[in-house]
Amino acid sequence: HKHKDKHKDKEHRHKDHKKDKEREKAKHSNREGRDSEKKLRDKEKEKQKHSNGSSDKHREKQKEKRRDEKVCLHKPKRENENGYARYDIKPKKKTKVKKGMEGKKPKKEEEEKWKWWEEERATDGSKWRFLEHKGPVFALPYEPLPLHVRFFCDGKQIKLSPPAEEVATFFAKMLDHEYTTKDIFRKNFFKDWRKEMTPEEKSKITDLNKCNFNEMSEHFKAQSEARKQMSKDEKLKIKEENERILQEYGFCLMDNHKERIGNFRIEPPGLFRGRGDHPKMGMLKRRIRPEDIIINCSKDSKHPKPPAGTRWKELRHDNKVTWLVSWTENIQGSIKYIMLNPSSRIKGEKDWQKYETARRLKKCVERLRTQYRDDWKSKEMRIRQRAVALYFIDKLALRAGNEKEEGETADTVGCCSLRVEHINLYPKMDDQEYVVEFDFLGKDSIRYYNKIPVEKRAFKNLQLFLENKQPEDDLFDRLNTSILNKHLQELMDGLTAKVFRTYNASITLQQQLKALTSPDDNLPGKILSYNRANRAVAVLCNHQRAPPKTFEKSMQNLQTKIDDKQKQLATSRKQLKTSKADHKASHDEKSKKAVETKRKTVQRIEEQLMNLQMQATDREENKQIALGTSKLNYLDPRISVAWCKKWEISIEKVYNKTQREKFAWAIDMAEDDFEF
DNA sequence: CTCACCACTTAGAAGACAACCG
DNA sequence: CGGTTGTCTTCTAAGTGGTGAG
């Protein structure tokens with residue numbers, strides 16, 4: 001019954017979010033009415049938000065006032081355009097797509113511009129009302145190797161049966177990869193490979209070290225080389241075929257809208273590549289057949305047909321979930337899904353909601369911080385542990401750290417699963433006090449290393465937690481993510497550990513943008529500032545990448561360019577000097593003009609040089625840092641949109657096409673004064 | 001509480017593609 | 001125009017967090 005209560009709470013929360021009565025009414029009214037009512041509600045929500053006595057209440061109010069003034073000044077007449085009442089209520093300063101809005105518009109056009117964020121959200125936990133799709137695209141069947149490609153074991157040629165040969169090719173394709181040298185990988189592979197062999201093969205092939213895959217490997221290299229060498233025509237043909245498949249299988253119909261599917265292809269069979277020190281690396285990931293597939297769609301939709309002669313495992317009509325297709329994978333036994341693209345309504349709404357939760361945290365974060373500092377003094381060990389863990393999650397943006405099954409995955413940890421061996425305490429270090437040194441492997445086995453001074457009371461608690469423990473013992477032995485999240489839920493509706501990461505990432509971006517952007521900077525300068533702000537977040541969240549293989553070389557190339565530019569600048573300056581001298585001597589129009597052109601040239605080259613240097617700085621600073629993850633998952637896009645608007649930078653400079661599609665909601669709704 | 005299960009978000013690497021350069 | 005380089009897209013692994021049974 002506990003869970004049920006919780007569920008009710010959640011429902012209640014959701015209902016609170018928007019006024020229920022109004023929504024019910026709106027559901028049955030027409031589009032215009034719905035929209036305007038939504039706006040009205042939003043406005044009310046805004047007011048509520050601003051009047052609930054948070055610390056920055058005053059500033060927020062000022063801001064709102066300012067916005068209203070601006071709106072009045074610049075865009076008072078929107079409502080006349082097509083009679084949509086909604087424009088009366090919350091005029092937009094800038095509305096991108098206007099033409100074609102009058103009267104009836106062609107369906108296709110409407111489809112392209114569908115603004116789901118201006119529509120109602122379901123409140124009953126259902127994710128859709130209608131869903132129709134074509135099912136998944138299966139991996140191509142195995143094509144046996146041509147006869148001339150041979151395989152040897154112990155020096156003797158063996159013609160492998162197709163199943164054994166297929167698995168062998170998986171290994172052969174990876175021969176150049178470091179994976180294949182690892183003991184665990186080889187052991188796992190060999191074990192699974194033998195399962196595919198005929199008894200005869202099994203008796204002949206008993207030692208992987210005696211297997212020679214070279215001809216296979218060479219064959220695949222030649223094949224990929226041949227693909228590269230294909231004529232334009234052939235390449236075009238393949239491209240068209242891919243496009244056809246995309247058009248047929250890459251979209252679904254969900255609640256009257258055509259939506260892009262994220263991954264409509266079933267993962268092909270192959271060898272499992274775990275990250276880090278994974279105990280299952282090299283195992284055979286088996287081929288998925290229609291009989292493994294569960295299809296989810298509307299009862300009243302045209303159901304996807306399984307390939308001829310096969311059947312689905314199950315046909316389901318569950319509109320409480322968002323997936324279209326699922327199957328169980330054989331390595332960990334987990335379920336894999338086919339879901340919609342990030343640009344879809346279903347993903348976008350959730351994403352938007354995530355940032356709204358983080359913004360609610362912003363309003364009460366100081367209160368929570370006071371509380372956890374207070375809890376450091378608690379009589380109860382579990383509360384102290386909870387409070388210190390939360391401090392780490394807040395201050396260092398650590399992940400929650402769920403427990404993991406031993407032997408099933410690589411040994412990685414998050415905050416709650418930190419072990420004694422992952423930290424070192426230094427009461428004094430150089431000129432700093434109470435330094436904690438973190439060294440552990442996090443998600444994807446990415447190393448987290450950080451030496452950081454912490455508050456005295458937190459430090460003393462850590463010393464206490466370490467008492468009488470072995471290195472492999474849990475640092476927070478009275479804590480797990482479920483306890484922590486239950487606590488957080490009580491502190492704020494919808495609060496979980498990961499919200500802190502979102503909040504701290506977004507607030508950092510906003511602060512850094514404010515601090516780094518200088519009005520005098522030119523465009524590349526501003527972009528550098530943006531990237532630096534983005535970088536600050538990536539560092540906070542520990543988003544690392546392997547330095548690109550060509551990094552050194554590309555840096556060198558850039559340096560050469562800079563050197564050349566410098567030389568060019570020197571020559572140009574000399575020429576300017578000469579022309580000035582000429583002008584002084586002759587004082588004629590022609591020489592005066594020459595001076596001017598030269599001056600312009602020098603200026604242009606100076607700027608080019610600066611830009612190159614900025615590019616170099618940017619790239620150097622970015623060597624081991626991945627910006628994409630934070631941009632895509634942690635930074636409220638409205639901050640970036642507002643920044644672009646404020647500095648009159650086109651959004652394309654900050655978001656590529658995919659990102660613009662994912663963040664269409666933010667691009668459409670955020671104004672230059674948006675505050676996270 | 002633990003455990004198993006499920007659904008969904010977040011993650012870096014690899015592969016595909018496009019732009020640029022000589 | 002071909003090869004190289006940098007960017008975008010795809011892929012799928014690895015997390016988080018919710019639920020419900022026992």
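Residue numbering restarts at 1 for every chain, and letters A, B, ... go by the order of the sequence lines.
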Please tell me which of the listed nucleotides, [options], lies nearest to the side chain of [X]?
| X | options | value |
| --- | --- | --- |
| A:Lys486 | B:dT9, B:dC1, C:dG6 | B:dC1 |
| A:Thr550 | C:dG6, B:dT10, B:dC6 | C:dG6 |
| A:Asn485 | B:dA7, B:dA11, C:dG17 | C:dG17 |
| A:Met339 | B:dG12, B:dA7, B:dT10 | B:dA7 |

So does [X] get a side-chain nitrogen or oxygen closer than 4.0 Å to the phosphate oxygens (OP1/OP2) of [N]?
| X | N | answer |
| --- | --- | --- |
| A:Ser554 | C:dT5 | no |
| A:Lys553 | C:dT5 | yes |
| A:His177 | B:dA14 | yes |
| A:Lys498 | B:dT10 | yes |
| A:Arg478 | B:dC1 | no |
| A:Lys320 | B:dC6 | no |

- prompt: Nearest nucleotide by nearest heavy atom, which residue falls closer to the 5' end of DNA chain B, A:Lys350 or A:Ile335?
  reply: A:Ile335
- prompt: Nearest nucleotide by nearest heavy atom, which residue falls closer to the 5' end of DNA chain B, A:Asn242 or A:Thr502?
  reply: A:Thr502
Taking any heavy-atom pair under 4.0 Å as a contact, classify [X]: base, sugar-phosphate, or nothing.
| X | answer |
| --- | --- |
| A:Thr481 | nothing |
| A:Lys280 | nothing |
| A:Arg227 | nothing |
| A:Lys127 | sugar-phosphate |
| A:Leu632 | nothing |
| A:Tyr634 | sugar-phosphate |

- prompt: Charged N to carboxylate O below 4.0 Å: is that the case for A:Glu380 and A:Arg478?
  reply: no
- request: Run the salt-bridge test on A:Glu243 and A:Lys239 with the 4.0 Å N-O cut-off and return the result as yes or no.
  value: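 Salt bridge absent between A:Glu243 and A:Lys239.
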Once the angle between the rings of [X] and [Y] is folded into 0 to 90°, is it parallel (under 30°), tilted (30 to 60°) or perpendicular (over 60°)?
| X | Y | value |
| --- | --- | --- |
| A:Phe438 | A:Phe440 | perpendicular |
| A:Phe171 | A:Phe189 | parallel |
| A:Phe663 | A:Tyr655 | tilted |

message: By nearest heavy atom, map A:Lys657 and A:Thr496 onto DNA chain C; which one lands nearer the 5' end?
response: A:Lys657
Toward the 5' end of DNA chain C, by each residue's nearest nucleotide, A:Arg260 or A:Asn557: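 With A:Asn557 and A:Arg260 compared, the 5'-side residue is A:Asn557.
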Round to a whole Å and report the spacing from [atom1] of [X] to [atom2] of [N].
| X | N | atom1 | atom2 | value |
| --- | --- | --- | --- | --- |
| A:Gln489 | C:dG18 | CD | P | 7 Å |
| A:Asn633 | C:dT16 | CG | P | 14 Å |
| A:Asn542 | B:dT10 | CG | P | 17 Å |
| A:Gln556 | C:dG6 | CD | C1' | 17 Å |
| A:Arg447 | B:dG12 | CZ | P | 16 Å |
| A:Leu495 | C:dG18 | CG | C1' | 15 Å |
| A:Leu484 | B:dC1 | CG | P | 13 Å |
| A:Lys235 | C:dC1 | NZ | P | 13 Å |

message: In the structure I gave you, are the side-chain heavy atoms of A:Glu621 and A:Thr617 within less than 4.5 Å of one another anywhere?
response: yes
query: Does the side chain of A:Ile346 come within less than 4.5 Å of A:Lys350's, by heavy atoms?
result: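 Answer no - side chains too far apart.
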- request: Kindly state each residue pair satisfying ring-ring contact (aromatic ring centres under 6.0 Å, His included) with at least one member in residues 321-347 of chain A, sequence neighbours excluded.
  value: A:Trp323-A:Tyr337
- prompt: How would you list all residue pairs meeting salt bridge (Lys or Arg N to Asp or Glu O under 4.0 Å) that involve residues 320-348 of chain A, not counting sequence neighbours?
  reply: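 Only A:Asp255-A:Arg345, A:Glu267-A:Lys336, A:Arg345-A:Glu349 qualify under salt bridge (Lys or Arg N to Asp or Glu O under 4.0 Å).
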For nucleotides 11-15 of chain C, give me every protein contact, N/O to N/O, under 3.5 Å, one pair per line with atom names.
unit_1, atom_1, unit_2, atom_2, d
C:dA13, OP1, A:Lys285, NZ, 3.1
C:dA13, OP2, A:Lys336, NZ, 2.3
C:dA14, OP1, A:Arg275, N, 2.7
C:dA14, OP1, A:His278, ND1, 3.3
C:dG15, OP1, A:Thr412, OG1, 2.7
C:dG15, OP1, A:Asp444, N, 3.3
C:dG15, OP2, A:Lys404, NZ, 2.9

